[in-house]
Every structure is written in structure tokens, then in C-alpha cells.
Amino acid sequence: MSNYNSRETEAKWQAAWESKGAFNVTEDPSKPKYYVLEMFPYPSGRIHMGHVRNYTLGDLVARYKKARGFNVLHPMGWDAFGLPAENAAIANNVPPAQWTRDNISSMRGQLKSMGLSYDWNREIATCDPDYYRHEQKMFLDFLEVGLVYRKQSWVNWDPVENTVLANEQVIDGKGWRSGVDVEKRKLSQWFLKITEYADDLLDTLRELERWPDRVRLMQENWIGRSEGAHIHFKIVDRDDNIKVFTTRHDTLYGASFMAIAANHPLAQELAADNPELADFIAECNRLGTSEAAIETAEKIGVDTGLEVVHPFDPEKKLPVYAANFVLMDYGTGAIFGCPAHDQRDLDFARKYDLDVTPVVAPRDADPATFSVANEAFVDDGVLINSDFLDGMSVPEAKAAAAQRLVDTNSGETTVNFRLRDWGVSRQRYWGCPIPVVHCDGCGIVPVPANQLPVALPEDVNFDQPGNPLAHHPTWKHVDCPECGKPAQRETDTFDTFFESSWYFARFCSAQSDQAFTREAADYWLPVDQYIGGIEHAVLHLLYSRFFTRALKQCGYLGIKEPFVGLMTQGMICHETYRDDAGNWLLPEEAATADGPVTLGRSEKMSKSKKNVVDPENIISEYGADTARLFMLSDSPPDRDLDWTDSGIDGAWRYVNRLWRMMSEPKVALAASGNVRPDNLSGAADTAYRAIHKTVAAVSSDLDKFHFNKAVARIRELTNVLDALDGPEAGVDWVLRQGYEAIVMLIGPMMPHLAEELWQQLGHDIMLTDTAWPEVDETLLVEDTATVAIQVNGKLRGTVDLPKGCDAKEAEKIALAIPRIAEVVEGREIRKVIVVPDRIINVVI
RNA sequence: GCCCCUGUGGCGGAACUGGUAGACGCGCUGGAUUCAAAAUCCAGUUCCCGCAAGGGAGUGGGAGUUCGAUUCUCCCCGGGGGCACCA
């Protein structure tokens, strides 16, 4: 008995599919279409287990849908721009373009070794000018319709490297390479008006029924719509006022201070002759811009010395603080503080000894004595200490306060979003150039469409700090498209989310000299099933949803939602190992280490913890099918998956078990295509029914993405068929049915093994071109059901009853069972609950 | 800090819409085969008591609704992730 030769078999079928163009598709209006897309990878150089899982899931769906008669589009490409290429360039002195192309070519080979059913004719790389030229045109079109604008925005600036840092490159307020303090700088940058679509992006979430609820919720929170009011507070002894956004205008009488962001223009202005304030602003800038850092920091501030007038009571003046917990990017960058009803305001008020007057009291509290200590009261209640609002509920008071604001010309209701416009400028080299020219005379001039693409120069070097585009000797020097005088190209490039916001559309007609043809897009889009990591739940998916709307607005597309189905996969985890000194060890190092090794718990596979398993080793040792099976069998796709050696061994054993079972069957199989014999023995008949039940169950599991359950069902059927080896009538026929069914069911999971077995079973047509097995519904019906019998909710026995058995009859049979009679003996039966075909509960 | 996810045997997980908890796999134990091992095959495997028949407990903890709760409600605890220049 020989083991299955995965290496040889997998190469054989990969070549067969390729030479036949088995997965190349074109639009075919006679068939229902199905577009399966997995998030395309960043070409880091080698695939990792997360890719293996992602692409196994996608391939299963693609092959399954193809077997079910769909015209399936299943493409693959490369998200090829990004920071790592520049880091590699600096570290290894390799040009980013070359580094990226080399990586693509080795990763393509790795993906091909997985046997994925891609239409490789549609492969794209986003760093290819034939790709990014189209997004330069899109940007110009967006500019044309007013979806793009320029404004000043803060960045992390590394003064030594002379460059902008990503958040991940700022560690404890210092640059990751230079180690010096990072500064905040204001730069003029391009923004896309995603907020213009905020309401629509939010509302349409409801229609995305095949998206996970949690992703929809995350997007909902990200967009963060809140209804409230703008209030204008007049500044004492000045002509201007401060605009505040609040959702609690009902608590206006409880206001005891005002706070503005450190970056608020007013704070900046006052800092000029207020050193304390200037220091404070510098301090806030060191804290960073992340919400987490701001929210967890101690609430501190500085009195600016200004006062504002309470809009409802001109006698009342509020001090104005600059505070670290007020975000310039949210609302208006200024708040009024109502300590009794907001925890942050309360913390702040206690620190600076500000007044805490409750203006909402719980319904059961005594308004005269109700007070707030160190916990703000944020629930609904009755308004107190609030003049004309007294006695109202919170919603009533909001309405009344809003009306008074309008009447006194000091404010109005408004809707505010947490969502901010999308800043797309990056001060980086390895990205798509932003197609504009800066001219001293004409200002900012878009590059005319016929001059696109603005191609990225590849002859750059990283021997000096800063963006190589900016100090390239010739690249940025051009003539102004408008006046013809010398001008300069914009040296910023797009955020790489720009490329991934429309690649799904490019795949519809990847060879086209347009971004995509409308005809192909209309046929294939939207993506029916998108599959990728949960880490993209908000940004990439939201930007793509916005981009699709923007493209529709510019006439490129007819749809506004790019992905109607979404599946998010969990992470791959693995045990961690450390040596005596606490250094992380690779799994293979741990196995051969001299000294003692400490076994850590299973964590997300990461280079830093070295707990990675290289897919290439696994595939060459066990084959792609084994790796794929393991990816599918243990955990549901959306949960984290623990990589274990015993798990991969188990998958390998099953591959071989199927191989042996079918290549050397214990009973000579009936000829292919024979009709069902009418004398099936009992065992053969039961097994035959099991085949149909399995096909039905697996189909339904695959439809619901319960892949681990589908694998379990197939293994169960394997057990049934393995036990069926007697000389009874019809066994040879049922075994053929069963083997063929199993091969067809595993086709989407282990395509190479399945093709090989299919051929061995005598088929000339490839399994890839074979339809999914049919289910004979009549074989699924059972005529008896095993009914559980409980006494007082405790299981005391079971009984087989005819399906749909009469309740009275069932009760009689149950009570007659000796074990039941014994337990019930001498007790009064108070009630008997009969759930037909399921359970009988005797209450005594 | 805020938001999201998650918790079931030794392990990964299963359980339709509130109805026999632990399917399937891994691991482990015993046996067969073998000179021996690997591989393979057979049997067993939630825990406790019991020779067995059987009994009791049990889905992170605590309460509640119900004839019946892994599933519904409330409170609490543990683990993981996200928070806008990583992709």
C-alpha cells in the first residue's frame, strides 16, 4: 500500500487546469454570474498562513459555485504599493520597483502551488502604470465634481529623517529609526469628501444583509452619526464667539466651563503671548493624535484667561480652558463642560475646582438634595435648576433648549459625524503620484488627462532623508500645463487604500485600456462574495464603499455597493517558544534547542514572536490539499484557528485514507453509470440514504460557510462507507455511488486529490467541469424518530416512535416503558409535555 | 477610556427556531499486526461514585424566566482585537 504522492499529483492537475484554461472566464449572459474575491495580498515576498486560509476559503466558494452552474469570476492581483518596499530599499539597497516585482513573482509561484482556481489572465499589480493611470484620472474626475479638496492637516514629523511618520512608526513619541522626538506639523494635503456620503454609507449598511453584523456595527460606530446642536458662545470683551457642538444642550444650565482643543485656532492664537499655554499645547502634541492615547490620559488643561457668556443667562460667565481631552477633529473642537452629567467634564471639574451643579435628577430623587459626587449622572430624568426647562424630561428639554437657541440667534440643531474626510496625501515615494502641478502663476493645476499617467520614476535613491521624489534631479520639474512656465509636480503620492478601493472593478476587464469597461462591470459587479481579514472591517471596506459611490457619481459605474456578501476570517495562531534568556524561538529552533524551552500559549502568528509556520514547507511536505483541508476542518472561518502539528498530521492521514479506500477498494465497485439495483440489502440501503443525507447536509453547510461541519459530515460518510464491506446485495453499487459522492464533495476543498480519484473512478471529463451531485429528497425522510423521555427535565430514556406519532399515543408508550414507570411509580403525574418527534417530559 | 468579538471534555470544535450536551477530528488508554518501529486496523474515552445495572454533577461565575436554558434576560469575571499614515 503506497501513500498518496501529493507532489506529483498536484503538479499534474495544476498543469492540466492551466493548459485547458479551466478557470478562464468571459461574460456569458446565459448563465448566472458569481464573483468571488479574496482580498489581494501585499507582495511581501512570501505567502503566510493567513493567505493560505484566505485563499483556501475563496477557492472553496469559487469551485463550489462553479459546480453549481454559476459563471464564476475568481481573480487575483497584487496590492503592490506601500511602505515596506521603501524600508527594504533603505535596508538592502534594492529599488522598490525591483523588490516588489521579485516578490510578486515568487509569491505567484507559491499561490500556484496551492491549486487555486484563478483566472490568471486577469492578474494585476497596482504599481503598474497601466493600473494607476486610471486612478489618476478618477482623482481628476473627483476633483471636477467637487469630491476633492485641499486643506491643512497635522502629521507626525521626524526632524532627523526629514519625513512624515506613520502612527506605527512613532514609538513612545519618538521616531522608530531616528529615536528623536516626533513633532506635529501642519501640511497642506488632499482630502476626499467621504463625509458627503456619510448618511448614505450609514443607511445602506442595513441592506448589506450578507455582511457580518459586527462589521456593520463597527462601520456604524465609525461613521458615528449624532444629533445635537451648535451653540455660539460670545467671548467677553471680544467681538468673536466660540462655536461648540453638543448632544446635551438640555444640560446647558449646568455648564461651568468651556474647553477648546489644544489645536483650536483660538488656543494657537493665545499661545503667542501665553507661555504656559504654549507649553501645554506642545505637551498635547507629544501625546499623539490617537483616540486611545487621548481618552486614557489624565484630563488636564490650562485656563486661557478668556471668558464666554452663557447664551441663556447673560449674567453667567464661563472660564475657557484649553484641554487635552477635546479633539480638534471632532465637532467644532470646543465643548461646554457640564460636570454633573459627563464623566470627563466631572473629572476635569474636580481637578480644577469648578462648579458641579446637577441639572438632571433621577425620577425618584429629591431635586432639592440631589447631588453628584464622583460619578456623573448620564441617564434620563427630570430637569432641575434649569429655569424654563425645569420639570421636563431630557428629550423634551433638548427640544425646548434648541428652540430657545434658534429664537435667541445663538445656535441651531445639527447632525455631527465622527467620520472625517479621507486624507489621501502621503509624503512617500512608493505610491501613485498625485496628478497635479504647482505653478507660481496658476496655482494648483490638474495634469491634463491626455498627459496621464504621471509615471513614478524608478531611478531613485534613498541615500538622503526625505521623499526621493522631492529630490529626484528632474522628475518634478515640468512646464505648467496652463501657462507653460516652469512649475513643479506634486511629490506626494496617494494613500495605498486608493488602489484597493477600486481593484475589484478593474478585475472585470483587467486588460482594458480604460479603467474597466462598463459592459464587463455591469455584468460582473457587484462582488457576490468578498473574503478577507477582519482587520479591514472599517477602513478598506468603507473607503471602497465610498469610492464606488464616487465612481457612480462620475458615471463609471451603475452600482453603489461593491460587495454584497462579506466573510471575515479569523487569525492563525500558534504556540510560542522562548529559550532560557527569554528570546523567542522559531518552532524548528524550539524542537532542536540545546537548553530548556518555555512553551507559551497560542498567539497570532507573527514574525516578532517567531511562532510562524511557513506554508511552503507544509505544502512541499504534505501537499496543498492537506494544508487546505486543515484550514477548513477544525474552526469555523470567522474564528481564530490554532495551527497544530497534530492537526496537519490528522488532515494528512485523512487524505491517505481516502486515497487507499478508493484506489484499492475492498469490494469491486459496480460499473460506472449502472442503474440502482432494486434489491438493495438493509445495510446497503442505509448507506445509500446516508450518501444522500450527506450531500444535502454538506451543500447546506457550504451555503452557510459552515466548512468545518461540512468536513465532519464527509468524514462521517467515509466511516459509513468504510464499514460497508460485506457481500450483501447492492454493496458494490452503493460503494461506487458513495465514493463518487465523496470525491465530488471534496472537490472544492482538495481539488487535486479529487481530480485524481475522479479519474481513477473512470471519468474522462475533469471533475472541475462536473456538476455538483443531486440529492434524492425522498431518501432524506425517516419514518421513525428517536424521542427523548424526561422526568422533571431529566433524561430517563429514549424510544423510537413513528414520525408524527399522536401525542396521546406517544405519552402512553412512554409511560409504559419500565424505566419510566419505575421512576414515576407512586407519584402523581401533574403534566406531560409532548413535543412531536423530539421529546416527552413527564412532570411529577 | 470607548467600541467589537469570545468563553462548552485533556485540546479544536458540534448542538436546527428553547427540546437526548459533547457530532467530527486531535490526543490519550488498551488490543491486533510487526523481529522491532512507523503506518494501519479494532475497542474505549466529560467528570465523580459503582464490578455492573445505574446514580449524581456538568457548557467562565452568580441570579432570573420556563415543564425544559450552551441557546432568552440581568449582574459579574477571564481572553482577544480595533480606535483614522501598517496593509
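Source: prediction; values computed, not measured. Below, all heavy atoms of this structure are taken into account, side chains as well, without hydrogens, waters or symmetry copies.
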Going by modelled atom types, is there a donor-acceptor pair between the base of [N] and the side chain of [X] at under 3.5 Å?
{"X": "A:Q189", "N": "B:rC85", "value": "yes"}
{"X": "A:N841", "N": "B:rC67", "value": "yes"}
{"X": "A:R428", "N": "B:rC85", "value": "yes"}
{"X": "A:R838", "N": "B:rC16", "value": "yes"}

Just checking A:S500: base, sugar-phosphate only, or nothing, at a heavy-atom cut-off of under 4.0 Å?
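Here A:S500 touches no strand at all.
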
Base, sugar-phosphate or nothing for A:E603? Non-hydrogen atoms, less than 4.0 Å.
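Since no nucleic acid heavy atom lies under 4.0 Å of A:E603, the category is nothing.
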
Let's test this: given Watson-Crick or G-U wobble pairing with both distances under 3.5 Å, identify the partner of B:rG7.
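Partner of B:rG7: B:rC77.
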
For [N], take OP1 and OP2 only and decide whether either is under 4.0 Å from a side-chain N or O of [X].
{"X": "A:R653", "N": "B:rG27", "value": "yes"}
{"X": "A:K794", "N": "B:rG56", "value": "no"}
{"X": "A:N719", "N": "B:rC24", "value": "no"}
{"X": "A:R639", "N": "B:rA14", "value": "yes"}
{"X": "A:K831", "N": "B:rC67", "value": "yes"}
{"X": "A:S646", "N": "B:rG27", "value": "no"}
{"X": "A:R713", "N": "B:rA15", "value": "no"}
{"X": "A:R796", "N": "B:rG55", "value": "yes"}

Would you say A:K604 has more than 12 foreign heavy atoms packed within less than 6.0 Å of its NZ?
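No, not enclosed.
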
Cation-pi check for [Y] against [X]: NZ or CZ below 6.0 Å from the six-membered ring centre and within 45 degrees of the axis, yes or no?
{"X": "A:R715", "Y": "A:Y654", "value": "yes"}
{"X": "A:R150", "Y": "A:W190", "value": "yes"}
{"X": "A:K151", "Y": "A:F191", "value": "yes"}

Considering only side-chain heavy atoms of A:A788, which listed nucleotide, B:rU20, B:rG13, B:rU40, is closest?
B:rU20

Glycosidic torsion of B:rG9 (syn if within 90° of 0, anti otherwise) classifies it as syn

